[in-house]
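Notes to accompany the following structure.
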Amino acid sequence: MTETELPSRYDPHTAASTWSAKWEEAELFKGDPERNDPAFTIVIPPPNVTGQLHMGHALNNTLQDVLVRYKRMDGFNTLWIPGTDHAGIATQWVVKRNLEAQGIDYRDLGREAFVEKIWEWKAEKGGRIVEQLKRLGVSADWSRERFTLDPMLQKAVTEHFIRLYEEGLIYRGQRLINWDPADRTALSDLEVIHEDAKGEMWSFAYELADGSGEIVVSTTRPETMLGDTAVAVHPEDPRYQHLVGKLLKHPFFDREFPVIADTMVEVGFGTGAVKITPAHDPNDFAAGERHKLPMINILNVDGTINAEGGPFEGMTVLDARAAVKARIEALGLFRGREDHAMSIGRSQRSGAVVEPMLSTQWFVSMKPLAGPARAAVENGATNFIPKQWENTYFSWLTDIRDWCISRQLWWGHRIPAYYCEACGHVHVSREAPEVCASCGHAVVPQDEDVLDTWFSSALWPFSTMGWPDKTPDFQAFYPTSVLVTAFDIIFFWVARMMFAGIHLTGMVPFKDVYIHALIRDKDGQKMSKTKGNVVDPLEVIDQWGADAFRFTLLAFAAQGRDVLWDEKRVEGYHRFTTKIWQALRFSFLHEYGYDAQGEMEFGPYDRWIQARTGAAVARVREALDGYRFNEAAAEIYQFTWGEYCDWYIELSKNTLYSQDSSEARKNAVKHTLFTTMGAIVRLLHPMMPYLTEEIWHILPGTEGFVAVAPFPKASEFPEDAAVLEEVALVQDVITAIRNIRGEMELGRKVELTALVASPALLEQLSRHAGSLADLAGLTLGALEGRPAGAATAVIRGEELVIPLDGVVDFAEEVKRLDKVLLKVEKDVQQLSRRLSNPSFVDRAPDDVVAEVKGKLDAATVRMETLRASRARLAEAL
RNA sequence: AGGCGCGUAGCUCAGCGGGAGAGCAUCGCCCUGACACGGCGAGGGUCAGCGGUUCAAAUCCGCUCGCGCCUACCA
């Protein structure tokens, strides 16, 4: 192949389609439970089947892919299980709305037909996010793609429910739950989002039944008085002590209820008397249980007032509120109002105002499960990275309340409970009972409700592997190595997987939990459709390619910080892909005559880039091992562009283009060019899979796919301290000369000569004469007598005199020297100030003191040399 | 109310106890045989403010100001 056959630009889109297909064909990402290497397993946080790929998914999956590709190359038996979540409420909602658009009420269809419609929808549209994930280039094992409603996973959910039920950890009971009147279902505490709202404290009086007075209560929700069954005061509140135990009469109904004493009441707040509505407020419910109060549910499932509300029956909550207020005012019981900031709970999914309501539901008893989940993190069986997130995890598990898991939906895992129609006996079993175990009755229908989606998500790390069966996958790949997710689902998901995993499998479900950032827009705002600031990852990929997109996400992914998305960065990393491609093209110019088996004579630059490569490899590995993705990305970027391209390629030209170089020298340089590029693409492959695979197949001497090539080890690249020092010297000279050129605005055409006073330095530099000429346009000479006008550079304390007679205005050089001197003098000043401080010399570590001394010596020599030069130059003026 | 995070160059961000960094943007010079999606060079910062610990603080501690987030039963 010759240069003309390599396109002048890298096309990420062609590469993506080519290599995705070939990887799949070669089944590179298929997990093999029979393989003997140590396993590295990840399960994807399953996106909602209704979902569209967003930036959060893109970041999340890029990070997982980097880890999996790194470990795969590094010899692990890797498995990344992908899949989607049935997302009960969200999916039912989407299909319900589609039907409504066709004028169909899903309830009219009936359960079976509706669920059938959802499956149809899923088959047609549900795979969209899976295809979108593939465009990111992720190397998941698609042959193991799972869905939370797959029969295998259904089995796991049923098993989970039954085991916990049999152990007494799942129970059915009447509790106060969060009711979503729009979706007509119960919600867990986590599915309710609280938002601040302006409200009012509205006060009214309850009259004593004996007519001896009244007690004034305040409320933000006057309509709940329809369900009041007590008024509470603090037992030690002198204002009310005489009223405790007396009866109040309800102004609308023929009902009396007591004044109770309870420490829940805050004496200084409001009137110090609290109306108690046990069926519609969590605090009041607790009070109701303590005082054995009647609990009157005043709401229908659709959120309207029920028959308990008498004349208010059928009204919405808001209508009822106005009507109740009017009626109380009419009765002369209104006692004032004031503005009051409050928070209202809304359903995360439907947005409807959630009503606390008394209801019979299934619950998981959390306290016994939370303990071991907590302990597993405390004792290090599972580690959070960054560690600070452990606090979030602990705080939730510490104050945990029982988990309401039943949902009044049709889409999901049906609760495996059956109720005898005759005697009401409850059966919880894997199969439907044929007759009632208690009375023998033949009609034992199943519970109508389904389980909270998260109840199945909690099993994902092992239900995807076939648990409860001891499948080969489960035995080879469980527990998983790391869970990669965002902090917003630590409660929803991470904690629940932890307690479910520990309880059911006896093992923590993952060893590490890497918590990554949220992606926000450039101004730090959360991306949301309503704000219109959403960036579509697919559009970014269309424009810049998956490689540049992924690299940008990684470069931004510093631990513990949100990512503020800046599209311009993608362009920058796209240029990085171009740069790498151009470096490849350069190597290819010299591919002719390259013989990987031929004789090679390595020079200092070759040994230099090899040593530098080793150092870069070590740093990249260290960063990846610590989940410091941005550091790994920065290291590769800096090494590739700043060392390989800017220095090695430039330094290699002298040998490659010279007539004098031996074939063995040239062959060694070519070899180093190709092998270093080979190391770069192996290092970079987890981040830029397509570009690197494309290059791997072009590079001579490579085999197979880079996706399964060995990840570089530092030990492949010999260290060489002497050559590092030697090349650093050359770099310093080149940089110093370039600086003079830049400052003096001297173009490339002006040849410069450096006269070196030190014979030793001259000798050293002479060995690099070719490079100095190539990179700095410099020839060397011995310093014999002073030229009238010259610029000066100081290298390693030695003077380089660059005659500039007739080339530039010496006044310019004096100005330049003044600028440099200003800096050096400041350095000398600072360093000597530190050294003249006796407590620094006494108390700082010896190596620090020695370092400062060394720096001061060097700076002093430099300063003196520059001063002398300046003086001579000023004289010549 | 409690908790967490953030405030570093014009912008987006690293650094988190030993002399202030990157990318982009800006300003010069350069169409040098990989690359102008490039090369070379330069300018630019009381590291939010105040106080403390330390020989040494952007880095540790405290307070203040500003921004963001999470949790919570204020009727």
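From a predicted model like this one, the values you see are computed outputs, not experimental measurements. Reminder, nothing fancy here: chain letters follow the sequence lines and each chain counts from 1.
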Discussion item. Is there, by distance only and without an angle test, a donor paired with an acceptor across the side chain of A/Gln582 and the base of B/A36 below 3.5 Å?
Written reply: no
Item to complete: Look at A/Lys823 and B/G43 and indicate whether a side-chain polar atom (N or O) is within less than 4.0 Å of OP1 or OP2.
Response: yes
Discussion item. B/A75, OP1 or OP2 - any side-chain N/O from A/His340 closer than 4.0 Å?
Written reply: yes
Worksheet item: Touch check for A/His194, heavy atoms < 4.0 angstrom, all strands: base, sugar-phosphate only, or nothing?
Response: nothing
Worksheet item: Rounding to the closest angstrom, what is the interatomic distance between B/G44 and B/G28 at atom C1'?
Response: 15 Å
Worksheet item: Without hydrogens or angle criteria, can the side chains of A/Asp547 and A/Tyr10 be said to hold a donor-acceptor pair below 3.5 Å?
Response: yes
Practice prompt. For A/Arg628, report the nucleic acid contact type (base, sugar-phosphate, nothing); a contact means any heavy atom under 4.0 Å.
Written response: nothing
Worksheet item: Quick one: is A/Asn739 getting a side-chain N or O under 4.0 Å of the B/A42 phosphate, OP1 or OP2?
Response: yes
Worksheet item: Got a salt bridge between A/Glu571 and A/Lys568, using NZ or NE/NH1/NH2 to carboxylate O under 4.0 Å?
Response: no
Discussion item. Using 30° and 60° as the class boundaries, would you call the ring planes of A/His516 and A/Tyr514 parallel, tilted or perpendicular?
Written reply: tilted
Worksheet item: What string of B, S and - do you get for nucleotides 15-30 of chain B, 5' to 3', if B is base contact, S is sugar-phosphate-only contact and - is no contact with any protein heavy atom under 4.0 Å?
Response: ---BB----S---SS-
Practice prompt. Remember a base hit wins even if backbone is also touched, and classify A/Gln388 as base, sugar-phosphate or nothing at under 4.0 Å, heavy atoms.
Written response: sugar-phosphate
Item to complete: Mind checking A/Ser395 for me? I need base, sugar-phosphate or nothing, with any heavy atom below 4.0 Å counting as a touch.
Response: nothing
Item to complete: May I ask you to check whether A/Arg585 and A/Gln582 show a side-chain donor-acceptor distance below 3.5 Å?
Response: yes
Worksheet item: With a non-hydrogen cut-off below 4.0 angstrom, is A/Gln638 in contact with a base, only sugar-phosphate, or nothing?
Response: nothing
Worksheet item: Ignoring hydrogens and angles, does a donor from either the side chain of A/Ser839 or the base of B/C55 sit under 3.5 Å from an acceptor on the other?
Response: no
Discussion item. Checking A/Phe491 now: which residues fulfil ring pair (Phe, Tyr, Trp, His ring centres under 6.0 Å) with it, not counting sequence neighbours?
Written reply: A/Trp396
Worksheet item: With Watson-Crick and G-U wobble geometry limited to distances under 3.5 Å, how should the secondary structure of RNA chain B be encoded in dot-bracket form, using | for bases paired to another strand and [ ] for crossing pairs?
Response: ((((((((.[[[[.)..(..]]]].(((((.......))))).....[[[[[..)....]]]]])))))))....
Worksheet entry | A/Arg290 atom CZ, over 12 foreign heavy atoms within 6.0 Å | yes
Worksheet item: Which residue, A/Trp581 or A/Lys819, contacts RNA chain B at a nucleotide closer to its 5' end, judged by nearest heavy atom?
Response: A/Trp581
Practice prompt. For B/G18 and B/C37, measure between their C1' atoms and round to the nearest Å.
Written response: 40 Å
Worksheet entry | Parallel, tilted or perpendicular, as decided by the 30° and 60° cut-offs, for the rings of A/Phe576 and A/Trp641 | parallel
Fill in: Nearest-nucleotide 5' precedence on RNA chain B, A/Gly272 against A/Cys645
A/Cys645
Side chains of residues 275-285 of chain A: which donor-acceptor pairs under 3.5 Å do they make with residues two or more places apart or in other chains?
unit_1, atom_1, unit_2, atom_2, d
A/Lys275, NZ, A/Thr224, OG1, 2.6
A/Lys275, NZ, A/Asp228, OD1, 3.0
A/Lys275, NZ, A/Asp228, OD2, 3.4
A/Lys275, NZ, A/Thr277, OG1, 3.1
A/Thr277, OG1, A/Asp228, OD1, 2.6
A/His280, ND1, A/Pro356, O, 2.9
A/His280, NE2, A/Asn297, OD1, 3.2
A/His280, NE2, A/Ile298, N, 2.9
A/Asp281, OD1, A/Asn283, N, 2.9
A/Asp281, OD1, A/Asp284, N, 3.0
A/Asp284, OD2, A/Thr277, N, 2.7

Under 3.5 Å, which donor-acceptor pairs do the side chains of residues 837-847 of chain A form with other protein atoms, sequence neighbours left out?
unit_1, atom_1, unit_2, atom_2, d
A/Asn837, OD1, A/Ser839, N, 3.1
A/Asn837, OD1, A/Ser839, OG, 2.8

Discussion item. Strictly below 4.0 Å: does A/Tyr644 bring a side-chain N or O up to OP1 or OP2 of B/C35?
Written reply: no
Worksheet item: Taking atom C1' in both B/G39 and B/A34, what distance in whole Å separates the two?
Response: 12 Å
Worksheet item: Using a cut-off of 4.0 Å on non-hydrogen atoms, how would the nucleic acid contact of A/Phe556 be classed: base, sugar-phosphate, or nothing?
Response: sugar-phosphate
Worksheet item: Does some side-chain heavy atom of A/Trp581 sit less than 4.5 Å from a side-chain heavy atom of A/Leu6?
Response: yes
Fill in: Euclidean distance for P, B/C6 against B/A42 (whole angstrom)
33 Å
Fill in: Euclidean distance for C1', B/G66 against B/G49 (whole angstrom)
11 Å
Fill in: Separation of the C1' atoms in B/G23 and B/A1, to the nearest angstrom
42 Å
Fill in: Contact residues, residues 280-289 of chain A to RNA chain B [heavy atom, < 4.0 Å]
A/Asn283
Discussion item. Show, in sequence, the C-alpha distance, side-chain angles and deciding distance for A/Glu812 and A/Lys815, and conclude whether the salt bridge (charged side-chain N to carboxylate O under 4.0 Å, His left out) test is met.
Written reply: CA-CA 5 Å; A/Glu812 284 300 311; A/Lys815 266 163 69 184; 3.6 Å; yes
Fill in: Distance, C1' atom - from B/C63 to B/C27, rounded to whole angstrom
43 Å
Practice prompt. For B/G5 and B/G62, measure between their P atoms and round to the nearest Å.
Written response: 11 Å
Worksheet item: What about the rings of A/Tyr605 and A/Trp647, do their centers lie closer together than 6.0 Å?
Response: no
Discussion item. Would you call the rings of A/His590 and A/Tyr657 parallel, tilted or perpendicular, taking 30° and 60° as the class edges?
Written reply: perpendicular
